[in-house]
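First up is the structure itself, then whatever we jot down about it.
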Amino acid sequence: MKSIIQILADSQKVFINFTRIAIFIVMAWIGGLKAFQYEADGIVPFVANSPVMSFFYNHPEEYKAHKSIEL
């Protein structure tokens, strides 16, 4: 049991570097998705229902399908 703990303690730097690489891959993946149209289409309901952001739409009647019933 002590040898397993020692092996894990000795490989701490490898695990830290693996974690850094994994975080970089996830952040690059999320950031890369921002360049595609379906990602922009996904936030339409949020912006159309936001009282702060809805003024960005020039033609709000086009986005009535995305409006919440409560609003």
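All values below were derived from every heavy atom in this structure, side-chain atoms included, with hydrogens, water molecules and symmetry-related copies excluded.
When the side chain to side chain contact (heavy atoms under 4.5 Å, CB included) test is applied to I16, the partners found at least two apart in sequence or on another chain are Q12, R20. Annotation: side chain to side chain contact (heavy atoms under 4.5 Å, CB included) contacts of I23 (sequence neighbours excluded): T19, M27.
Atom CG in N17 sits 11.5 Å away from atom OG in S11 (nearest 0.5 Å). Distance check, rounded to the nearest 0.5 Å: CG of D10 to CD of Q6 gives 4.5 Å.
Sorted by first then second residue, the side-chain hydrogen bond (donor to acceptor under 3.5 Å, both in side chains) pairs that include residues 22-34, not counting sequence neighbours, are K34-E39.
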